[in-house]
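Chain A is the first sequence line, chain B the second, and so forth, proteins listed ahead of strands; every chain is numbered from 1. Atom set for the values below is all heavy atoms of this structure, side chains included, hydrogens, waters and symmetry mates excluded.
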Amino acid sequence: MIPLLKRLGLNSYDVDKSPHIEADTEKCVKCQEKPCIASCPAGTYERSPNGGIVVHYERCLECGGALVICPFNAIRFKFPKGGVKYKYG
Amino acid sequence: MSFDAELIIVGGGLAGLSAGITATRLGINAILLERGEYSGSKNVSGGRIYVHSLVKLIPEALEEAPLEREIEKETFEFYCGEKKVTFSFEEKGKRNSFSVLRAKLDSWLAKRAEEAGLLISYSTLVLGAERESEGITLKTNRGQLTAPLVIDASGVTSVVFRSLGLRKFSPEKWMLGVKEVVKGQPTQGEARVIVGAVKGIKGGGFVYANRDTFSVGVTATYDSLPRAEVPAYDLVEKFRERVGVEGEVLEYSAHAIPYYGYGNLPSLTGRNLMAVGDSAGFLINDGFTIRGMDLAIASGMMAGIASKKVIDSGNFNDTSIYEALLRESFILRHLELAYNRFKLINSPHFLSSYPEILCQLLSDMFSVGEERRSLLEDTILRLKERGITIGRAIEDVWGFVR
């Protein structure tokens with residue numbers, strides 16, 4: 001996880017950490033498999049002690065994977081204030 | 001009813017911008033909505049473009065576009081445990097495909113689009129769409145916009161089609177792509193396609209040489225990720241270690257990619273609606289080439305031409321002209337041509353059994369001991385070991401070359 005965070009630190013956002021995805025906790029059914037955890041390339045989702053997920057919004061890369069993989073559509077895009085700043089350009 | 005524009009394009013990637021440029025050149029009053037602060041900021045791609053469509057859109061593109069390096073060398077690598085098979089081919093001066101960094105290319109194209117007169121609204125996220133009697137109303141973070149014709153270029157999540165109930169999320173038809181841009185000094189333009197470097201994932205990886213960086217990435221089907229040896233967030237790192245690309249990581253990004261294949265393509269049009277690029281599922285993987293950008297640009301151009309025809313006809317419900325144009329063009333033809341191999345690549349043993357058999361055969365050929373079999377004998381034995389009949393193998397080889 002540490003190299004990952006280092007990687008994320010190097011990349012993408014400047015310092016803007018405002019969330020740009022949103023997990024709808026009412027829709028999350030706390031499923032056993034948690035495909036969101038397995039398929040997120042940024043480690044955004046972690047198991048929470050109560051069987052649900054903890055969302056680390058600041059890590060999200062907006063790949064859209066969790067939107068696709070969640071069978072219950074519990075994750076969606078949300079627009080951050082001021083936009084997300086990327087390094088290139 | 002009054003409209004905000006004749007045409008609204010959702011998404012400012014290559015497909016959306018090409019549609020916008022074409023439509024604007026034809027005199028259509030179009031607006032493009034882009035989620036990011038600039039075009040390309042939200043985009044992730046492998047980093048290799050076949051330039052024929054780009055040159056058609058902008059004839060002076062090869063001189064002006066911020067392309068990285070001309071690809072002069074193609075390398076295919078198969079990993080099976082400790083063994084590795086490599087096949088490479090070199091051709092100089094062809095100028096057919098280039099490595100690119102999309103943040104630069106897309107913002108350049110956006111500038112060209114704005115010069116052509118296209119209105120681009122940045123930092124504008126489309127949150128939903130509704131059908132009105134004569135057009136489509138898009139709800140955005142900046143308010144509502146209505147147009148009689150909408151081009152969905154929003155990428156694989158195809159937000160407009162989905163909001164209107166014309167598309168569903170389908171993880172089995174999507175892949176995850178993860179990419180790093182790594183500092184380095186490439187000596188020539190090279191594209192490496194790599195299979196089997198990370199165990200357990202269904203997919204492959206690539207390394208493209210840019211001017212002074214490498215694009216390194218992995219693609220994997222979503223269903224294989226939970227069973228993979230490494231978690232998604234470590235995929236690229238494991239892959240890089242395996243294929244020997246070292247250096248400072250400048251950029252880390254990820255994106256969902258369409259992986260439909262000709263036989264499973266989603267709806268390309270709807271009333272008042274057209275889908276282009278990734279939104280329409282235009283990605284070709286035929287085992288030799290993996291391409292999406294040339295299809296995105298060409299489909300965007302066709303949607304631009306189609307929108308002119310639709311607007312002239314005044315009948316916005318009928319967008320079938322776009323599909324007709326696609327059928328006449330190379331896009332659907334190439335997708336259809338590639339479909340056999342696409343199916344084969346996705347068959348359960350193609351990317352695991354055959355490379356392993358090949359590795360085993362080569363290993364037997366190059367090791368000397370007291371035991372020795374003829375190549376034919378060895379081949380039959382190795383196929384048998386994996387439960388593949390000779391008939392099946394011939395059928396698969398035929399399917400691949402066909």
Side-chain angles (χ1 to χ4, degrees), chain A residues 1-14 16 18-22 27 31-47 56 59-89, chain B residues 35-44 101-104 106-107 122-127 140-142 155-157 159 162 168-181 218 220 222-228 231-237 248-257:
Chain A
M1 208 57 172
I2 288 158
L4 169 82
L5 293 180
K6 212 173 134 197
R7 254 171 11 210
L8 293 180
L10 281 168
N11 161 53
S12 294
Y13 333 108
D14 273 339
D16 188 348
S18 51
H20 31 283
I21 48 158
E22 190 171 43
K27 277 191 178 171
C31 63
Q32 196 63 45
E33 292 82 19
K34 308 231 183 322
C36 51
I37 297 181
S39 61
C40 176
T44 309
Y45 308 94
E46 265 175 32
R47 254 168 216 282
H56 297 278
R59 296 180 190 167
C60 176
L61 293 167
E62 289 188 67
C63 74
L67 281 77
V68 193
I69 202 93
C70 175
F72 307 99
N73 292 337
I75 295 156
R76 57 180 182 232
F77 277 133
K78 186 187 156 197
F79 205 76
K81 272 185 190 154
V84 181
K85 292 184 179 68
Y86 281 74
K87 201 173 171 184
Y88 262 90
Chain B
R35 181 159 74 100
E37 282 186 330
Y38 57 90
S39 268
S41 67
K42 299 284 175 189
N43 192 285
V44 178
L101 292 168
R102 288 285 300 276
K104 294 181 192 168
D106 288 18
S107 22
Y122 292 105
S123 301
T124 308
L125 177 73
V126 173
L127 300 160
T140 78
N141 61 319
R142 294 167 174 246
V156 68
T157 50
V159 65
R162 200 161 36 79
K168 275 189 188 141
F169 284 139
S170 42
E172 69 280 4
K173 290 183 187 122
W174 293 16
M175 284 182 116
L176 172 70
V178 200
K179 188 181 97 174
E180 282 183 352
V181 177
V218 180
Y222 277 105
D223 55 349
S224 72
L225 284 168
R227 293 192 302 272
Y233 56 76
D234 271 343
L235 271 181
V236 187
E237 190 146 315
E248 189 192 343
V249 179
L250 302 174
E251 201 182 283
Y252 176 80
S253 51
H255 221 292
I257 319 167

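Of the two parts of Ser170(B), only the backbone, made up of N, CA, C and O, holds a non-hydrogen atom closer than 4.5 Å to a non-hydrogen atom of chain A. When heavy atoms are compared at a cutoff of 4.5 Å, Val44(B) does not approach chain A at all.
Nearest approach of Ala38(A) to Pro226(B), heavy atoms of both residues: CB-CA, 3.7 Å.
Side-chain N or O atoms of Tyr222(B) include none that pairs as donor or acceptor with a backbone N or O of Pro35(A) at under 3.5 Å.
Rounded to the nearest 0.5 angstrom, Leu225(B) CG and Ile69(A) CD1 are separated by 7.0 Å.
Inter-residue side-chain proximity for Leu235(B) and Pro41(A) is flagged as unmet; no heavy-atom pair is nearer than 4.5 Å.
Among residues two or more places apart in sequence or in another chain, the side chain to side chain contact (heavy atoms under 4.5 Å, CB included) test is passed with Leu67(A) by Ile75(A), Phe77(A), Phe169(B).
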